[in-house]
Structure formats: structure tokens, C-alpha cells
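Keep in mind that the numbers below use all heavy atoms, side chains included, and drop hydrogens, waters and symmetry copies. These numbers were taken from a predicted model, which means no experiment stands behind them.
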Amino acid sequence: QVQLVESGGGLVQPGGSLRLSCAASGSGFSRYVMGWYRQAPGKQRELVALIGSGGRTNYANFVQGRFTISRDNAKNTAYLQMNSLKPEDTAVYYCNAGYSDYLYWGQGTQVTVSS
């Protein structure tokens, strides 16, 4: 059992930066694949980035080098550093933890990119 709490969202101007955090409670954090997803109004939820238990990362094409996913197993926390934000990045961002057939989701944090 894993419980996830996202933080760090907010309103930012185009070209700005945000760092999202995902704090996990429960045991076995280091074994989970951690991910960030997002869902914009009227659109389906989509993958942003993944990081495996060994630190291997995977990114969606639209990231284009702007985002970085990381994790600190000692703190049971995953991060998403977002730079050069665009209005198209506006969405609710969700943290995800997966292992085998187990899958957990946070409640999401709103990111709004607007001038």
C-alpha cells in the first residue's frame, strides 16, 4: 500500500519553471516505478515521464528536454522539474507509483501556464 501526495503546482508565466514533488508513504518505495502524468481539460490523461527503481528514465515526446524526473529513495519522494513552460503544459499533474499489478495515484496538483 502506497499513498501519494503531490505538491508544487501553481500559476506560472510562459517560460517559467516549477518543481513538483510527490511524497510517498508506506514501505517499499525504492521498488516502485514512479511516474508523472497530466490531464488537460477535455483531453485524456497522458504520460509525462517515468523513472524506474534503478534510475532509468523515460519521457514523452512533448517534453523536448524541458522536464526532468528524479527520485530520492531516502526521502520517499519523486520530483518533476519543469522548465521553459508553455501554455500547452497547463493541466492537472498526477503522481503514479507502480509495481507488478499494483498501481497507485495521487490526487493531482494544478499547473497553469498563462501570461
Side-chain angles (χ1 to χ4, degrees):
Q1 179 66 43
V2 176
Q3 294 183 343
L4 307 172
V5 179
E6 301 96 334
S7 62
L11 176 64
V12 65
Q13 295 181 346
S17 299
L18 286 173
R19 190 185 75 164
L20 306 183
S21 298
C22 175
S25 62
S27 62
F29 176 81
S30 63
R31 299 180 180 180
Y32 283 86
V33 175
M34 300 299 297
W36 287 97
Y37 292 71
R38 71 184 188 185
Q39 187 167 21
K43 297 184 179 180
Q44 295 186 3
R45 188 173 299 185
E46 62 182 346
L47 173 68
V48 177
L50 294 171
I51 184 167
S53 60
R56 183 177 180 180
T57 58
N58 191 23
Y59 296 94
N61 290 334
F62 61 75
V63 169
Q64 298 180 349
R66 298 179 299 126
F67 298 176
T68 302
I69 188 171
S70 61
R71 67 192 297 161
D72 187 338
N73 289 339
K75 296 182 178 180
N76 282 16
T77 302
Y79 305 93
L80 183 68
Q81 178 66 48
M82 303 187 293
N83 301 322
S84 302
L85 284 163
K86 307 174 181 179
E88 307 93 270
D89 295 319
T90 296
V92 177
Y93 284 71
Y94 297 90
C95 181
N96 166 272
Y99 178 76
S100 186
D101 292 331
Y102 297 92
L103 190 64
Y104 305 95
W105 293 91
Q107 294 299 310
T109 184
Q110 176 70 49
V111 172
T112 302
V113 184
S114 177
S115 60

Please list every donor-acceptor pair under 3.5 Å in which a side-chain atom of residues 75-86 meets a protein atom from a residue at least two apart or in another chain.
from  : atom 1 : to    : atom 2 : distance (Å)
Thr77 : OG1    : Lys75 : O      : 2.8
Gln81 : NE2    : Asn83 : OD1    : 3.0
Asn83 : OD1    : Ser17 : OG     : 2.9

Between Tyr94 and Val48, does the side chain to side chain contact (heavy atoms under 4.5 Å, CB included) criterion hold? Intermediate values first, please. CA-CA 9 Å; Tyr94 297 90; Val48 177; over 6 Å; no

Before giving the answer on side chain to side chain contact (heavy atoms under 4.5 Å, CB included), spell out for Asn96 and Arg45 the whole-Å C-alpha distance, their side-chain angles and the decisive distance to 0.1 Å. CA-CA 12 Å; Asn96 166 272; Arg45 188 173 299 185; over 6 Å; no

Contact between [X] and [Y] at the side-chain level, heavy atoms closer than 4.5 Å - yes or no?
| X | Y | answer |
| --- | --- | --- |
| Pro87 | Ser114 | no |
| Tyr59 | Leu47 | no |
| Leu20 | Val111 | yes |

Value rounded to 0.5 Å, distance of CG in Asn73 from CZ in Arg31: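 One gets 12.0 Å once the value is rounded to the nearest 0.5 Å.
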
Taking atom SG of Cys95 and atom CD of Gln3, what is their separation to the nearest 0.5 Å?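 Reported value, rounded in 0.5 Å steps: 12.5 Å.
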
If you compare all heavy atoms of [X] against all heavy atoms of [Y], which two are closest, and at what distance to 0.1 Å?
| X | Y | value |
| --- | --- | --- |
| Trp36 | Cys22 | CZ2-CB, 3.6 Å |
| Ser30 | Ser53 | O-CB, 3.0 Å |
| Val12 | Leu18 | CG1-CD1, 4.0 Å |
| Ser115 | Pro14 | N-CD, 3.7 Å |

Are Phe62 and Tyr93 connected in a single hydrophobic cluster, I mean Ile/Leu/Val/Met/Phe/Trp/Tyr linked by side-chain heavy atoms less than 4.5 Å apart?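 Cluster IDs for Tyr93 and Phe62 match.
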
Should Tyr37 and Phe67 be counted in the same cluster of Ile, Leu, Val, Met, Phe, Trp and Tyr side chains packed under 4.5 Å apart?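 No: no chain of side-chain contacts under 4.5 Å links Tyr37 to Phe67.
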
Within a 6.0 Å radius of atom CD on Gln110, are there more than 12 heavy atoms belonging to other residues, nucleotides or ligands?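 Counting neighbours around CD of Gln110, more than 12 heavy atoms of other residues, nucleotides or ligands fall under 6.0 Å, so yes.
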
[X] side chain vs [Y] backbone, donor-acceptor pair below 3.5 Å:
| X | Y | result |
| --- | --- | --- |
| Glu6 | Gly108 | yes |
| Arg66 | Val63 | yes |
| Thr109 | Gly9 | yes |

Pairs touching residues 46-55 that satisfy salt bridge (Lys or Arg N to Asp or Glu O under 4.0 Å), sequence neighbours left out: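 Qualifying pairs, neighbours excluded: Arg38-Glu46.
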
Examine Arg71 relative to Phe29 and say whether NZ or CZ is less than 6.0 Å from the centre of the six-membered ring and inside a 45° cone about the ring axis.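 Yes, a cation-pi geometry holds between Arg71 and Phe29.
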
For residues 97-107, run the donor-acceptor check on the side chains, cut-off 3.5 Å, and write out each pair with its distance to 0.1 Å, sequence neighbours left out.
none

